[in-house]
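Below, read A as the first sequence line, B as the second, and so on, with proteins coming before strands; counting in each chain starts at 1.
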Protein chains: 2
Amino acid sequence: MPGGQDKLTRTTVRTITDLARLAGVSPGTVSRALAGKSLVNARTREKIVDLARTHGFRPNQMASGLRRQKTGVIGVAIPLGHDVRQQISDSFFMTLLGLLADELTDKGYDLMLRRVVPDSDPDWLDRFIGSGMIDGVIVIGQSDQFDRIEDVADGYRAMVVWGNHQEGQRHCVVGTDNRLGGRLAAERLIAAGARRLAFLGDTGPMEFAARFAGAQDIAARMGLPPVLALPTHLSPDRASEEIARHIAQAGRAIDGIFAATDTLAALCLTQLRAQGLRVPDDVRLIGFDDLPIARQTIPALTTVRQDIAAGAHGLVDLLLRRLAGESTESLVLPPELAIRETA
Amino acid sequence: MPGGQDKLTRTTVRTITDLARLAGVSPGTVSRALAGKSLVNARTREKIVDLARTHGFRPNQMASGLRRQKTGVIGVAIPLGHDVRQQISDSFFMTLLGLLADELTDKGYDLMLRRVVPDSDPDWLDRFIGSGMIDGVIVIGQSDQFDRIEDVADGYRAMVVWGNHQEGQRHCVVGTDNRLGGRLAAERLIAAGARRLAFLGDTGPMEFAARFAGAQDIAARMGLPPVLALPTHLSPDRASEEIARHIAQAGRAIDGIFAATDTLAALCLTQLRAQGLRVPDDVRLIGFDDLPIARQTIPALTTVRQDIAAGAHGLVDLLLRRLAGESTESLVLPPELAIRETA
DNA sequence: ATTCCTGTTGCAATCGTTTGCAAGATAGTT
DNA sequence: AACTATCTTGCAAACGATTGCAACAGGAAT
């Protein structure tokens with residue numbers, strides 16, 4: 001039964017040496033043949049490649065990585081600083097991750113995902129980099145780890161970070177211009193008739209702080225009272241009740257809400273309705289991200305769009321350039337207003 | 001300046017041999033000390049561990065993996081068979097992925113993510129397994145690769161799959177009882193007053209086919225007309241117009257819609273409203289998954305809950321058991337009705 | 001003093017692949 | 001016939017950590 005025999009021989013060819021024996025050449029030649037180097041005779045190469053295919057041989061990437069000092073793997077770290085539980089399941093990060101996987105695959109890299117809790121493991125970034133398992137690292141979100149990332153950036157070039165750009169920072173970052181996004185949001189709320197603005201969300205993370213600051217810029221410029229900060233957690237369960245409380249307390253004293261993310265905006269919309277406030281008549285509402293959910297709420301959510309695909313592309317592109325030795329500037333993406341029904 | 005000197009020495013200690021020289025012992029001893037083996041003198045160990053810490057030494061995992069023939073990495077493959085673009089950003093899979101990352105991290109494993117397109121790379125699973133980079137593999141979704149997975153399962157034990165359980169299958173699977181879920185959904189629609197049911201979604205993937213079949217079971221048992229299949233793609237843009245068309249065509253001929261996922265249900269809700277159909281008065285609607293979005297729609301979505309956390313836990317638990325040599329049964333999780341406002 | 005433990009340590013082979021160097025083969029030149 | 005070139009190939013040393021085995025020290029037992 002040829003099938004059985006195939007299976008049998010297949011299992012015996014595990015190493016390049018096995019294959020070499022089979023082909024009657026040395027391991028070195030096999031290695032060169034499979035790598036497609038020009039130093040090996042065309043007929044020999046063909047024979048080897050054939051044998052490799054029929055026996056389902058795959059070179060061991062660990063050994064190869066060790067010898068070549070490169071692994072073909074890019075690490076993706078998600079630091080969970082502020083709100084441990086939530087962020088990794090946050091739609092925005094997940095979407096970005098999916099797109100990153102696509103981009104990296106296209107470029108022939110594998111992706112090693114690591115969720116880290118900096119509070120319980122302050123050494124997370126060095127550990128990841130020093131593991132020898134990855135050729136470079138993409139950090140998704142600065143969280144509250146800006147300083148640590150800066151420290152590492154001095155001695156390690158193969159790193160790109162998704163996040164907010166700070167004047168004079170040393171690590172290479174890709175991200176939306178959050179402050180500008182905040183301005184756009186506030187301007188839109190005002191154009192829709194709002195005068196007393198509020199910002200819904202934790203202002204701790206840099207990205208959010210910048211969005212908040214952008215809104216403040218506009219409020220100040222227009223001579224309006226300062227934007228009221230309504231802090232919340234990110235996890236839906238806690239956020240919901242916090243939002244409910246905020247609205248009950250400040251509800252009629254404000255007429256325009258800028259939510260830090262679409263997810264929060266959607267929750268907010270539900271709570272506003274539950275407390276009898278009409279959107280956008282009583283309160284204008286604007287989100288951030290332009291996630292799919294923004295089109296699905298009723299009324300549909302006006303929001304500030306981040307171009308996630310461009311972000312993923314930029315992260316990978318910059319990282320690969322850095323791996324090739326180039327030094328690269330940070331990439332700041334322009335946000336864009338997506339006007340729908342809530343403001 | 002001690003800081004500078006620190007940094008300098010730090011960069012020089014890259015290998016276990018460097019550290020050995022510094023500690024005045026042999027590399028073997030260092031290895032044993034860092035691994036916490038009992039064969040090394042307590043004082044020596046302490047000294048070595050101290051040196052390692054102050055110099056920020058991290059053993060190279062590639063080398064370690066090569067020698068020990070285990071890597072500490074679990075592969076997670078997401079086959080994109082049916083609808084290439086969408087699935088990886090599908091909320092359900094992303095949530096599952098996040099939870100898997102948590103579970104694996106807890107157990108001390110890293111996660112290597114690979115999105116594969118079986119149509120363009122029929123060899124995807126063997127390639128992943130044979131790469132030597134992973135100790136085991138979790139496949140998220142059988143997609144249309146059931147047979148290939150079955151083939152591999154015969155010769156490779158370190159694999160667990162998220163998906164649908166088939167009578168007599170050979171690979172170890174964790175998943176919700178989709179057929180039962182379909183029954184629950186149909187029963188609920190009927191209890192809410194529906195008589196002419198439709199199933200919204202592609203019935204190609206096994207999970208969806210089982211949900212559809214479950215609904216058919218009930219329709220047949222109750223003597224109702226067969227459930228109408230309304231096929232759609234999964235990507236939101238295409239799905240939206242397809243749903244609109246379905247509703248325009250079949251709209252008033254049906255009074256109960258069972259959507260294959262909450263995401264589709266949410267889109268459907270929007271389209272129903274756009275076409276002037278009231279939910280649940282004119283049409284009852286039920287989803288599947290119980291994603292966060294199910295609570296955020298208006299009216300809130302009735303749905304069939306999958307316990308994603310239990311799924312992630314089960315996948316990791318079974319895989320680790322298999323790595324330890326146990327042979328394990330598949331795990332079928334019971335779905336649960338989450339009754340809200342749409343049915 | 002000799003023998004036998006027990007507890008530590010070093011030595012060197014090993015994991016599987018890659019690659020610089022040198023040797024062998026073949027063809028082409030004078 | 002001798003001598004270059006040009007291709008191919010094999011040899012063996014890496015990459016860095018682990019581990020079986022042997023060796024050594026010091027103490028206890030005889």
Candidates [options] - which lies nearest the side chain of [X]:
X: Arg68(B); options: dT17(C), dT18(D), dC15(C); result: dT18(D)
X: Asn41(A); options: dT9(C), dA17(D), dT8(D); result: dT8(D)
X: Ile16(A); options: dT18(D), dT17(C), dG10(C); result: dT17(C)
X: Ala63(B); options: dT9(C), dA17(D), dT9(D); result: dA17(D)
X: Phe57(B); options: dA17(D), dT9(C), dG10(D); result: dA17(D)
X: Thr29(B); options: dT9(D), dG10(C), dG16(C); result: dG10(C)

Output yes when at least one side-chain N/O atom of [X] is less than 4.0 Å from OP1 or OP2 of [N], else no.
X: Thr17(A); N: dG16(C); value: no
X: Ser26(A); N: dG10(D); value: yes
X: Lys70(B); N: dC15(C); value: no
X: Thr15(B); N: dG16(D); value: no
X: Lys37(A); N: dT18(C); value: no
X: Ser31(A); N: dT18(C); value: yes
X: Gln69(A); N: dG16(D); value: yes

### Message
Is any side-chain heavy atom of Gln169(B) closer than 4.5 Å to one of Val173(B)?
### Response
yes
### Query
Any side-chain heavy atom of Met94(A) sitting closer than 4.5 Å to one from Leu97(A)?
yes
Under 4.0 Å between a Lys/Arg side-chain N and an Asp/Glu carboxylate O for [X] and [Y]?
X: Arg14(B); Y: Asp18(B); value: no
X: Arg322(B); Y: Asp135(B); value: no
X: Arg148(B); Y: Asp151(B); value: no
X: Arg53(B); Y: Asp50(B); value: yes

Expressed in angstrom and rounded to an integer, what is the separation of [X] atom [atom1] from [N] atom [atom2]?
X: Asp18(A); N: dG16(C); atom1: CG; atom2: C1'; result: 10 Å
X: Asn60(A); N: dC15(C); atom1: CG; atom2: P; result: 12 Å
X: Met62(A); N: dA17(D); atom1: CE; atom2: C1'; result: 13 Å
X: Arg45(B); N: dT8(C); atom1: CZ; atom2: C1'; result: 11 Å
X: Gln61(A); N: dC15(C); atom1: CD; atom2: C1'; result: 16 Å
X: Met133(A); N: dA17(D); atom1: CE; atom2: C1'; result: 14 Å
X: Leu34(B); N: dA17(D); atom1: CG; atom2: C1'; result: 10 Å
X: Ile48(A); N: dT8(D); atom1: CD1; atom2: P; result: 13 Å

### Task
To the nearest 10°, let me know how far the axis at one end of the helix from dA1(C)-dT30(D) to dT30(C)-dA1(D) is tilted from the axis at the other, five pairs an end.
70°
### Task
For Val25(A), report the nucleic acid contact type (base, sugar-phosphate, nothing); a contact means any heavy atom under 4.0 Å.
sugar-phosphate
### Message
Pick the closest DNA chain C nucleotide for Gly24(B) and for Leu66(B) by heavy atoms, then say which residue is nearer the 5' end.
### Response
Gly24(B)
## Note on the structure
Of Arg67(B) and Gly28(B), the one whose closest nucleotide on DNA chain C sits nearer the 5' end is Gly28(B)
#### Entry: Passing candidate, side-chain contact (heavy atoms from CB on, under 4.5 Å) with Val76(B), options Leu113(B), Val137(B), Ile134(B)
Leu113(B)
### Query
Looking at OG of Ser64(A) and NZ of Lys70(A), how far apart are the two atoms once the value is rounded to the nearest 0.5 Å?
9.5 Å
### Query
Cut-off 3.5 Å, side chains only: do Trp162(A) and Gln142(A) have a donor facing an acceptor?
no
